[in-house]
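We name chains A, B, ... by the order of the sequence lines, and we start the count at 1 in each one. Predicted model, so just to flag it, every value in this text is computed and none were measured.
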Protein chains: 2
Amino acid sequence: MNKKETSPLYKKVIDDLKTLIDKGAYKKGELLPSENDLCKTYSTTRVTVRQALTGLTNMGYITRRHGKGSIVSEPRQGLGILSLSGVTAGVGDQVLTTAILQKQTKQNWPADFFYELNPEEQSRGCIFFTRLRHIDGMPVLYEETYITNISLARFSSRNLENCSLFKVLKEHYKIEVNEGEQKIWAIHADKNISKLLDIKTSHPVVHMKRRLQTNVKNLSIYSSVYCNTAAYFLHDYF
Amino acid sequence: MNKKETSPLYKKVIDDLKTLIDKGAYKKGELLPSENDLCKTYSTTRVTVRQALTGLTNMGYITRRHGKGSIVSEPRQGLGILSLSGVTAGVGDQVLTTAILQKQTKQNWPADFFYELNPEEQSRGCIFFTRLRHIDGMPVLYEETYITNISLARFSSRNLENCSLFKVLKEHYKIEVNEGEQKIWAIHADKNISKLLDIKTSHPVVHMKRRLQTNVKNLSIYSSVYCNTAAYFLHDYF
DNA sequence: AGATTTATCTTGTATATACAAGTTGTTTTA
DNA sequence: TAAAACAACTTGTATATACAAGATAAATCT
């Protein structure tokens, strides 16, 4: 968790506040310290503090009200892209477990890959692995992931089970996702999917194809996701 | 299209660039004028220009590269939340038509409404209407919309057919969406939905429930959306 | 007591400036 | 010629400052 000393101040402010919100130090609906307070805390000016708060706003961590302050939104794990939420109560991390079905291995891109690849990516090949996420022991989400092979040290031996892929990429390789796109369909589960998610064939599932672009050139993360939304739904903030 | 003279400069810059991108004056992959160029054009400073460019980045209109410039992304209509894209070619606006099934009427909120309402919203009631969107004449997306009733002048008589609801809200009432959330399920089409979307019962469809918050206090837009993703998919950038 | 004003918080918008650092093409050097 | 250095662009980060405008509670006035 060591902070690069050259890391910009506004990012440190984002990280600090994000951690406090995730930890529950600031709860939903509460106000963050005012911009001027944060200026004093970090010995900086409002432009920098506001850059951090704008970032948190875009991540969905807070909303801001003119004359009022920065209001903490629902805490969220991961990227805030498409996280899972339970219909009953808020599903905490503790009940969400991930099993690796196929361990990450280097290989060539599939011939009929679902996104266009540039020649650079094409030549590098990819790392492929599949995971199955459970909530309360029930399989809910199956994910096939392809990452451009840019020879990440020891990546093949990393354990992606408990912590998220994104955490590993960020903490060990300083790789962060900065944009992406996703396509969404509703489909009937085929034989394979229905077996994995333990549902009947022809049960409707959400199918997503995602492309996540990182701060590293030519390093994209592609994934194909299948989700059983019978008991849970996909939740998205923006 | 008259610009409020008190509208902030950075918003004007956003609007101008957005229009130019949507019109195709700047095409995908091209570079926008540099920040310093934009400063000269608008007689302002980089902080303001960057505020605009940050906005456009978050809307998904551009991506920025250190030392390079602001690169135009895929042009997108609407809010960039979840727009429709064709599987074959990019679906232009021309083929997307919208039919009003039930015209907007003032009424009370349903007793079992799918989002929690605050007392203020509850007492105001809502405006309800339903729309069916077609691509190439085929029904693809059915949408039930609820807007908090804050007595928008002449709103009940507005035509929401061709232009988007968001355009009407913005141009006539200066209402803009600033955040929101959505929940996504895959379900079997029931009798009603299958009839509307002209598909067999039990055909899988994407069901979304959305809450969009606007810049006007207590004015939220709620919608329940059903989408046939057999020929098209839901597309999302972030 | 109840309405109005005021003071003081808050965030929103903006100017002016400086240097760091990534990108690219040109020039110089070996 | 090929590599290295440089210049001139670009965006990234940051300081310092100012005034506008929304929110709120205390102080004042009727």
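Note: CD1 (B:Ile62) to P (D:dT10) measures 15 Å, nearest angstrom. The interatomic distance linking A:Asp37 (CG) with C:dC9 (C1') rounds to 11 Å, in whole Å. One can place CD of B:Gln51 at 10 Å from P of C:dT15, the figure rounded to the nearest angstrom. Rounded to a whole Å, the NE2 atom of A:His66 is 12 Å from the P atom of D:dT24. Here D:dA20 presents its P atom at 17 Å from CG of B:Leu9, a figure rounded to the nearest Å. In this structure, CG of B:Leu53 is placed 14 Å from P of C:dA14, rounded to the nearest angstrom. Remark: P of C:dA14 and CZ of A:Arg50 are 11 Å apart, rounded to the nearest angstrom. Atoms NZ (A:Lys40) and P (D:dT15) sit 16 Å apart, rounded to a whole Å.
By the 4.0 Å N-to-carboxylate-O rule, A:Lys18 lies too far from A:Asp22 to be salt-bridged with it. Note on A:Glu35 versus A:Lys40: no salt bridge recorded, every NZ/NE/NH1/NH2 to OD/OE distance being 4.0 Å or above.
For C:dA14, the OP1/OP2 oxygens have no side-chain nitrogen or oxygen of B:Thr44 closer than 4.0 Å. Applying the 4.0 Å criterion to OP1 and OP2 of D:dT11, one finds that B:Arg46 has every side-chain N and O outside that range. Within the 4.0 Å cut-off from OP1 or OP2 of C:dT13, not a single side-chain nitrogen or oxygen of B:Thr48 is found. In this model, the phosphate group of C:dG12 is approached by a side-chain N or O of A:Arg64 to a distance below 4.0 Å at OP1 or OP2.
Between B:Tyr222 and the choices B:Ile147, B:Thr145, B:Leu117, the side-chain contact (heavy atoms from CB on, under 4.5 Å) rule is met once, by B:Leu117.
Closest to the B:Thr45 side chain, of the nucleotides D:dT13, C:dA16, D:dT11, is C:dA16. The B:Lys68 side chain lies nearest to C:dT24 when the options are C:dA14, D:dT13, C:dT24. With distances taken from any side-chain atom of B:Pro8 to the nucleotides C:dT13, D:dT13, D:dT17, the minimum falls on C:dT13. Considering only the side chain of A:Glu35, C:dG12 comes nearest among C:dG12, C:dT13, C:dT15.
Residues A:Tyr146 and A:Phe113 bring their aromatic ring centres within 6.0 Å.
Within 4.0 Å (heavy atoms only), B:Thr54 reaches no atom of the nucleic acid at all. Looking at heavy-atom distances under 4.0 Å, B:Leu31 makes no contact with the nucleic acid at all.
When the nearest nucleotides of DNA chain D are assigned to A:Val47 and A:Tyr10 by heavy-atom distance, the more 5′-ward of the two goes with A:Tyr10.
Side-chain N/O atoms of B:Arg64 and B:Thr54 include a donor and acceptor closer than 3.5 Å.
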